[in-house]
Structures are given as structure tokens and as C-alpha cells.
Number of protein chains: 2
Amino acid sequence: MYIDFIRENQVIKPDIVFVANLAGVSPATVSRVMNHPELVHPETRRKVELAVEKSGYIRNRAAQAMHGRRSATIGLVVPTVANTIFAEVVQSFNDTVSKEGFTLLLASHGYDLDREYRLIRKLLEHRVDALAVVGLDHSPGTFRLISGQRMPLLAIWNYLPDAPLPCVGVDNCEAGRLAAEHLVALGHRRIGMVFPETSNNDRARDRKKAATAAFIAAGIELPQRWQITAPYSIAQAKAACLELLEGEDRPSALLCANDVIAQGAIYAAARLGIAIPDSLSVIGIGDFAGSAQMEPALTTVRIPAQQIGTAAGEEIVTAVSRCDPDRMIRRRVELELIMRTSTGLAPELIARGQST
Amino acid sequence: MYIDFIRENQVIKPDIVFVANLAGVSPATVSRVMNHPELVHPETRRKVELAVEKSGYIRNRAAQAMHGRRSATIGLVVPTVANTIFAEVVQSFNDTVSKEGFTLLLASHGYDLDREYRLIRKLLEHRVDALAVVGLDHSPGTFRLISGQRMPLLAIWNYLPDAPLPCVGVDNCEAGRLAAEHLVALGHRRIGMVFPETSNNDRARDRKKAATAAFIAAGIELPQRWQITAPYSIAQAKAACLELLEGEDRPSALLCANDVIAQGAIYAAARLGIAIPDSLSVIGIGDFAGSAQMEPALTTVRIPAQQIGTAAGEEIVTAVSRCDPDRMIRRRVELELIMRTSTGLAPELIARGQST
DNA sequence: TGCAGAAATGAAAACATTTGCAAGACTGTT
DNA sequence: AACAGTCTTGCAAATGTTTTCATTTCTGCA
């Protein structure tokens with residue numbers, strides 16, 4: 001099919017002037033057909049489109065980007081895509097911006113903020129039209145880097161009223177508080193918490209702080225031996241919870257940093273034959289895919305990942321098209337406590353209920 | 001900090017000539033410092049690096065790509081990233097190519113091959129240095145499009161000895177066969193299968209075909225009422241399995257297209273109080289994150305996603321650096337049956353064992 | 001000191017496109 | 001038929017790099 005364009009054993013990659021010649025017009029006209037079709041006469045347009053078709057021309061975005069125009073790419077930096085956690089938000093964000101003609105440049109740093117800095121630099125080298133990052137916690141270098149650029153930047157997943165960055169997401173403090181208050185309302189007073197290392201993760205940090213505050217406000221003590229650390233991995237969370245739950249002296253409820261950890265906790269309980277929710281309540285945060293279907297179904301604070309991804313995509317697309325990098329929107333997405341069957345009244349209350 | 005570079009209220013984005021002037025060298029030298037540092041005198045190099053630092057210069061990959069050099073991007077097209085299915089492979093693929101300085105352009109088509117075509121076109125516009133796609137099933141347009149490009153292309157996830165594309169992955173026929181033979185070996189003869197729509201999904205199709213063949217070879221009939229369809233969603237798979245499993249006339253084993261569906265099946269059984277594996281065996285394919293930790297732990301055919309992602313990343317990086325688009329490697333990654341607690345002897349056999 | 005060869009640098013062309021400007025081709029009106 | 005205005009289109013400059021080639025500078029050796 002492309003045999004016409006092979007000369008002297010050399011494959012000619014059709015460029016805009018090749019197409020122009022083929023159509024009998026100037027390169028400028030071809031460019032206009034690609035970018036502002038309304039400016040060219042319908043008949044000419046048809047001729048050009050035919051030539052494009054015939055030559056198999058694929059326009060070069062690099063050259064376009066070089067001209068100061070848009071690169072039609074958007075950078076997205078996430079801690080990881082391997083877990084369910086961000087996969088959904090990546091998906092819906094991608095869908096949204098893709099619909100508007102943008103392509104996603106994805107980078108993941110594995111909760112390493114130095115690596116994040118380097119990745120963002122690389123994305124800037126590619127002249128992404130906008131940049132989305134997860135969370136509000138970033139290295140000083142990162143903040144310096146992006147403040148030097150005149151480019152829309154958006155933090156997703158987190159919301160804070162006084163965030164230093166435009167953001168679309170949820171209030172993680174509220175998430176922690178909601179989860180804690182639910183356990184308090186059910187009468188639990190012997191409470192364990194399972195969180196990952198919070199030093200590079202503002203989401204986990206906020207949740208933990210707020211949950212702790214809520215418990216203390218309710219006059220509940222949080223013994224150190226029930227505060228454990230596990231990364232966002234079902235396997236490691238399950239292992240950590242097994243250790244915590246075996247033996248007699250265990251909490252009556254577990255507040256988990258997210259649903260992945262909560263899943264691990266539930267499996268650990270199942271393994272040990274601890275009845276949920278009768279002997280142990282487990283609450284997560286996130287409401288990831290599958291949490292609702294588990295048996296027992298997981299009580300959790302729903303973070304509408306899809307909604308966040310879509311909203312973030314919309315915000316970033318409008319920011320790019322308005323060419324207004326300083327638009328400081330902060331959009332808050334609502335949380336919701338989803339009560340399912342993994343939490344129940346504290347065993348103490350049940351016992352008392354039975355004895356009366 | 002960048003105040004030096006603001007003139008007449010106009011922010012100057014430092015380009016290579018700006019840096020060159022600042023360092024008192026020519027643009028060519030700056031370019032060399034960035035790309036072939038060994039060619040420039042250490043002292044000059046230091047001066048340039050200082051100027052780069054001072055000006056906050058970020059090199060423009062678009063301009064670089066335009067020069068026919070590499071764009072330093074690799075395109076990856078997946079059906080979806082929302083499920084656990086491909087998330088792991090995306091992650092390890094990204095990690096691998098990122099280590100070599102490439103950035104990932106990600107696109108997802110939601111199992112729509114026409115959309116896949118359009119996305120690939122867009123990636124070509126961005127002049128990705130190489131392209132990876134999932135599976136060997138693609139539209140004729142896609143095949144035509146990529147065969148016209150002289151660019152490394154790699155199919156990941158699937159392996160076929162006579163694949164029309166270079167590929168790195170597993171043999172899905174073998175996966176289906178392994179799963180089926182395991183159930184046969186356990187004595188099951190009343191077998192149900194839960195698969196998604198296979199028209200746009202060669203992986204599911206191969207698995208199903210091979211499993212069916214294995215059952216038939218073992219003289220097992222597959223009544224239509226036990227062959228059900230459910231997409232790769234825990235919720236929908238659970239719903240479909242609930243319907244299949246309630247009532248008396250149900251199979252003794254379920255072969256699921258992947259672990260997501262198997263999870264749904266297990267939850268459905270749990271909901272109905274069907275004992276696994278005593279009354280029902282469930283086998284999946286994939287061994288996704290969490291499958292090992294479930295209670296009961298899922299018996300499955302392990303697809304080493306991480307290994308595939310890494311291997312694919314390596315292959316594609318060498319293909320790019322060798323500039324050899326016609327390198328037709330086909331790399332097969334080994335499957336492994338992982339026996340856990342979700343499968344057991346057929347109830348009929350247990351009963352007979354008890355009666356003797 | 002002179003010279004060959006190596007090392008370091010600069011000048012300028014090339015890459016594929018977009019767009020401001022200007023010119024040419026129409027349209028309808030007087 | 002002349003003219004003003006509107007549509008179309010082409011010319012050419014500009015975009016930010018890389019790289020070839022040529023030139024200059026340096027090094028070691030006679």
C-alpha cells in the first residue's frame with residue numbers, strides 16, 4: 001500500500017510537505033486542516049484529507065509541541081498503580097482527559113518523594129500541558145520546581161481548605177474521624193489501629209491523627225501494643241494483624257488505614273476463627289472495588305475514587321484550555337460512611353445485653 | 001530566585017541558548033553536556049552545569065524528539081487499569097523502562113478494539129520510541145497501522161509460539177488446560193465455568209477453549225446451564241455466581257476465567273453458606289495480589305505479572321537501543337498451578353471414601 | 001621550538017510544524 | 001463595471017534542539 005512512497009530502497013516517512021504535495025496545496029493548508037478545519041474550503045479539506053489517508057500521514061506532536069503549542073499530554077504522578085488504591089482514579093482520570101484529546105504520561109514513585117521530584121522533572125522535560133500529583137506532601141525541591149513553571153498543577157485525592165496547591169479530593173482528617181466515631185458509637189473502647197509508615201504519606205498521617213483525636217475526645221486510651229504498622233499490602237497487613245490478634249489480649253475493634261489493610265485484617269480474623277463482627281469489628285477507609293462484596297462485607301468510609309478522577313480530569317482540562325495556571329480551585333469530594341457487616345456493637349455491650 | 005530572568009514583566013523561559021550565554025559557551029556545548037558529557041572538558045562541563053542549575057533550565061524533549069532523536073517515551077496500551085489484573089504489569093513495566101530513562105505514555109481502551117486503534121494512533125503522533133500492547137487480538141486497522149511503522153512493537157501478557165507479533169507472556173491455552181486438569185484430577189465431573197464475553201479478548205477465549213477441550217478429553221460433559229458469563233468485576237461475578245449456585249442442581253466445581261471472578265465466586269458461596277472446598281471447589285487464573293491471603297486461599301494458575309512486566313520492559317528497552325524494530329522475540333513465561341484451599345476432592349469421592 | 005595528532009569547541013544546517021501577514025479569489029452591492 | 005468586504009491560501013519566520021564539519025586549542029614528542 002505504501003509502496004508508492006519507497007524510493008531507492010528508502011522508506012519515506014510522509015511529513016506535512018509530502019502530504020501537501022500530494023494534495024497540491026501548501027503545508028500551511030495541511031496544518032490548518034489538522035488544527036483549524038473550519039478555516040479551509042470544504043473542497044480543499046477533502047483533497048487534503050484524502051492525501052492524508054492515502055499517505056498514511058501521522059502528524060508529529062513533537063514538532064507541534066515545539067512550536068509552543070500544546071503537547072496534548074498531561075502528566076500524572078502516583079505513588080503506585082499496583083494496588084487497587086489508585087488504579088481506579090488513574091483510570092477515570094485517564095478516561096476524562098483522553099476524551100478531550102490528551103494522552104497521559106504516567107509516573108509512579110513508590111512513596112519516595114525524592115524519586116517523585118526526579119519524575120516530575122522528566123515530565124516537565126516532555127512539556128506536559130498540566131500536571132497532577134497525588135496528595136499535598138511533596139519535597140521542597142518539588143514545590144520549588146513547579147512554582148517556577150507556569151503550568152496548571154493539581155493535587156488529587158486530598159482536600160484541605162487551606163491547601164498550598166489546587167486540589168480535588170477528600171478530607172482525610174474527616175475520613176479518620178468518621179471511622180473512629182463509628183467505632184465509638186458502637187461502644188468500642190479497646191481499639192487497635194493499623195497504619196503504614198506515615199512519614200511520606202499525608203493521607204495516612206491525617207487519617208491517623210484525626211482518628212486518634214476522636215478516640216481521645218471520647219476518653220478512650222490507645223495502648224501502644226495495639227498500634228501497629230503495616231504497608232498497603234494485603235499479605236503484610238494480614239501477617240501483622242495475625243500477630244496482633246492471636247493471644248487473649250486483643251482489641252475489640254480495628255481501625256485500618258485503608259481497605260487493603262482492612263482486608264488483610266479480616267482474613268487474619270478468619271484464619272484465627274475470630275467471629276466478625278461479634279468478637280471483632282473491622283473498619284477500613286476507601287471502599288475499594290470488592291470491599292462491598294467481601295464476606296463479611298467491609299464497613300468503610302467511602303472515597304469516591306472515580307468521582308475524584310473525573311473531577312480532577314475536568315478541572316485540569318479546563319485549566320489547560322483557559323491557559324490559566326493560577327486558577328486556585330479547591331474542590332472537595334464528599335465522604336460517606338458505609339455501614340456493612342464487618343462492624344458491630346462492642347462485645348461488652350452484647351454481653352451486657354444478654355445478661356439483662 | 002528566577003528574578004534575574006524576568007525582563008519587562010515578561011518571564012523568560014530559559015532555553016539552551018540562554019544557558020549557553022550564561023555559561024559563556026555555545027549552545028552546542030550545552031547540548032553536549034546534556035547528552036554526551038564525556039565529550040566536553042570537565043571544567044567547561046562544571047560551568048555549564050552551574051548555569052543549568054542557576055537558570056532552572058529544563059531541556060525540551062519535544063525539540064529533541066523532533067530532531068529524529070528518541071522521544072524517550074514508550075507507549076503502553078492496556079484494556080483497563082482499574083482492575084488488579086493489569087495494574088501489576090503496568091507497574092513493573094513502568095519501573096523497568098523508567099529506570100532506563102523512558103517515560104510511559106499510557107492508554108486504556110476498555111476492551112474496545114476500535115478505540116484501541118485510535119489510541120495507538122495518538123501514541124504514534126507522539127512518536128513513542130516503542131509500543132507495547134496487551135494480547136494478540138487487534139483490529140485489522142491496528143495491524144496495518146503498526147506494520148507501516150518502523151518501531152519496536154511488543155505484545156505482552158500472551159504467548160503463542162506462532163504469534164504474529166513479538167510477545168512476552170504466558171500461554172493462555174496452557175493456563176486453561178492446567179486449571180481444568182486440576183479439577184479433573186480431583187475427581188470433579190459436574191463443572192461450571194464463569195467467563196467474560198470472549199469476542200474481544202483472546203486471553204479469555206484461549207483459556208476457555210483449552211479448558212473445554214481438557215474436560216471433553218476427560219469425558220466430562222459441560223451442560224449449558226453451568227456455563228455463565230460475567231465481566232471482570234467482583235460484584236458482577238458474585239451476582240452471576242449467586243444465581244448459578246442457589247438451588248440444588250449446582251456444579252461441584254467452578255473454573256473461573258481469572259481470580260477476580262473467582263473471588264466473586266467464593267464470596268457468593270460464602271453468602272450461600274456453601275462450604276469451600278467441601279461442597280464446592282473454585283479455581284481461578286492469575287494469582288492476583290490478595291488471592292493467596294483470602295480465606296479460603298484461592299487455588300489458581302499463577303501468571304507472574306511482575307515477571308512479565310519486567311521482561312517486557314527489558315525487551316522493549318533493548319529493542320529501542322538496538323534500533324532494531326524487526327527483532328522477533330517471543331518470550332514465554334512459565335505458568336504454575338498453585339494449590340491452595342479453595343479446591344478439594346469432589347464431594348462424590350469424599351462420600352464414597354466415607355462409606356467404605 | 002616545531003609539529004602531528006588528539007581534544008574541545010563553535011557555526012550552521014536540519015528537524016516538522018504553526019501562524020502572522022499579505023496577497024489573491026470570490027461575493028454582493030451600487 | 002468598480003468596489004468593499006470576506007474567504008482562502010501561500011510565504012516565510014519562528015520554535016529549541018542535535019549533529020556534522022571545521023576550526024581552534026592543547027598535548028606530547030622529536
Side-chain angles (χ1 to χ4, degrees), chain A residues 5 10 12-49 51-52 55-73 122 124-129 149 323, chain B residues 5 10-49 51-52 55-73 124-129 149 323:
Chain A
F5 314 132
Q10 264 274 310
I12 307 278
K13 266 230 181 134
D15 61 357
I16 205 172
V17 353
F18 185 95
V19 175
N21 291 340
L22 200 64
V25 299
S26 78
T29 303
V30 177
S31 170
R32 274 188 279 259
V33 170
M34 309 291 292
N35 300 297
H36 316 282
E38 71 282 1
L39 290 183
V40 359
H41 193 88
E43 198 177 323
T44 322
R45 203 188 318 176
R46 219 185 39 73
K47 272 196 307 188
V48 170
E49 276 160 358
V52 167
S55 62
Y57 169 65
I58 295 181
R59 79 164 168 297
N60 188 334
R61 290 271 187 194
Q64 184 170 278
M66 227 206 58
H67 203 80
R69 264 181 86 66
R70 308 229 218 89
S71 68
T73 58
K122 265 210 283 187
L124 293 179
E125 290 184 357
H126 287 288
R127 296 293 188 268
V128 290
D129 293 329
Q149 309 300 123
C323 215
Chain B
F5 314 132
Q10 264 275 311
V11 184
I12 306 281
K13 266 231 180 132
D15 61 359
I16 204 172
V17 353
F18 185 95
V19 175
N21 291 340
L22 201 63
V25 299
S26 77
T29 303
V30 177
S31 170
R32 273 188 280 259
V33 170
M34 309 291 294
N35 300 298
H36 316 282
E38 71 282 1
L39 290 182
V40 1
H41 195 87
E43 197 177 323
T44 322
R45 204 186 321 174
R46 220 184 39 73
K47 271 196 307 189
V48 171
E49 276 160 358
V52 166
S55 62
Y57 169 64
I58 295 181
R59 79 163 167 298
N60 188 335
R61 289 272 186 194
Q64 183 170 280
M66 228 205 56
H67 204 84
R69 264 181 86 65
R70 306 220 294 257
S71 70
T73 57
L124 294 179
E125 290 184 358
H126 287 289
R127 296 294 188 269
V128 290
D129 293 329
Q149 309 301 122
C323 215

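Lettering of chains follows the sequences in order, A, B, ..., and the numbering in each one begins at 1. Given the structure is predicted, the values throughout are model-derived calculations rather than measurements.
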(request) Between A:Arg32 and A:Ile16, name the one whose nearest nucleotide on DNA chain C is closer to the 5' end. (result) A:Ile16

(message) Show the nearest heavy-atom pair for residues B:Asp129 and B:Ala72, with the distance to one decimal.
(response) OD2-N, 2.7 Å

(message) Please pick, from D:dG10, C:dT17, D:dT15, the nucleotide with the shortest atom-to-atom distance to any side-chain atom of A:Gln64.
(response) C:dT17

(request) Find out whether B:Val25 and B:Val48 are in side-chain contact, i.e. whether some heavy atom of one side chain is under 4.5 Å from a heavy atom of the other. (result) yes

(message) Just the rounded figure in Å: distance from P of D:dC7 to CD of A:Glu43.
(response) 18 Å

(message) If you compare all heavy atoms of B:Thr29 against all heavy atoms of B:Thr44, which two are closest, and at what distance to 0.1 Å?
(response) CG2-CG2, 4.1 Å

(request) Between B:Val25 and A:Ala28, name the one whose nearest nucleotide on DNA chain C is closer to the 5' end. (result) B:Val25

(request) For the side chain of B:His67, starting at C-beta, report the closest nucleotide among D:dT18, C:dG10, C:dT17. (result) D:dT18

(message) Within the structure provided, determine whether A:Gln149 and B:Ile58 are in side-chain contact (heavy-atom separation under 4.5 Å).
(response) yes

(message) Are more than 12 heavy atoms, taken from residues, nucleotides or ligands other than B:Glu38, located less than 6.0 Å from that residue's CD atom?
(response) yes

(request) Round to the nearest Å and state the distance from B:Asn35 atom CG to D:dT19 atom P. (result) 7 Å

(message) What does the B/S/- profile of nucleotides 22-27 of chain D look like, 5' to 3', with a 4.0 Å heavy-atom cutoff to protein?
(response) ------

(request) Can you tell me the distance, in whole Å, between the CD atom of B:Glu125 and the C1' atom of C:dA16? (result) 13 Å

(message) In this structure, how many angstroms lie between the P atom of C:dA8 and the CD atom of B:Glu38, rounded?
(response) 10 Å

(request) Identify the heavy atoms of B:Thr73 and B:Val128 that sit nearest to each other, and give their distance. (result) OG1-CA, 3.4 Å

(message) Please check: side-chain N/O of A:Ser55 versus main-chain N/O of A:Ala51, any donor-acceptor pairing under 3.5 Å?
(response) yes

(message) Measuring to OP1 and OP2 of C:dA8, would you say a side-chain N or O of B:Thr44 lies under 4.0 angstrom away?
(response) no

(request) Indicate whether OP1 or OP2 belonging to C:dA8 is found under 4.0 Å from a side-chain N or O atom of B:His41. (result) yes

(request) Write down the distance between CG (A:Asn21) and C1' (D:dG10), rounded to a whole number of angstrom. (result) 13 Å

(request) Specify the separation, in whole Å, of atom NZ of B:Lys13 and atom C1' of D:dG16. (result) 12 Å

(request) Taking all heavy atoms of A:Tyr57 and all of A:Asp15, pick out the closest pair and write down the distance. (result) CE1-C, 3.7 Å

(message) Side chain of A:Arg127 only, heavy atoms from C-beta on: which candidate in D:dT17, C:dT19, C:dA16 is closest?
(response) D:dT17

(message) For a quick test of reading the model: is some side-chain N or O of B:Thr29 closer than 4.0 Å to OP1 or OP2 of C:dG10?
(response) yes

(request) Note down the inter-axis angle between the two ends of the helix from C:dT1-D:dA30 to C:dT30-D:dA1, five pairs each, to the nearest 10°. (result) 40°

(request) Please report the closest heavy-atom contact between B:Ser26 and B:Ala20, naming both atoms and the distance. (result) C-CB, 3.6 Å

(request) In whole angstrom, give the distance that lies between atom CZ of B:Arg45 and atom P of C:dA7. (result) 14 Å

(message) I need the CG-C1' distance between B:Leu39 and D:dT20, as an integer number of Å.
(response) 13 Å

(message) If I compare all heavy atoms of B:Arg127 with all of B:Ser71, which pair ends up nearest, and what's the gap?
(response) O-OG, 2.7 Å

(request) Choose from C:dA16, C:dT17, D:dG10 the nucleotide whose nearest atom is closest to any side-chain atom of B:Met66. (result) C:dA16

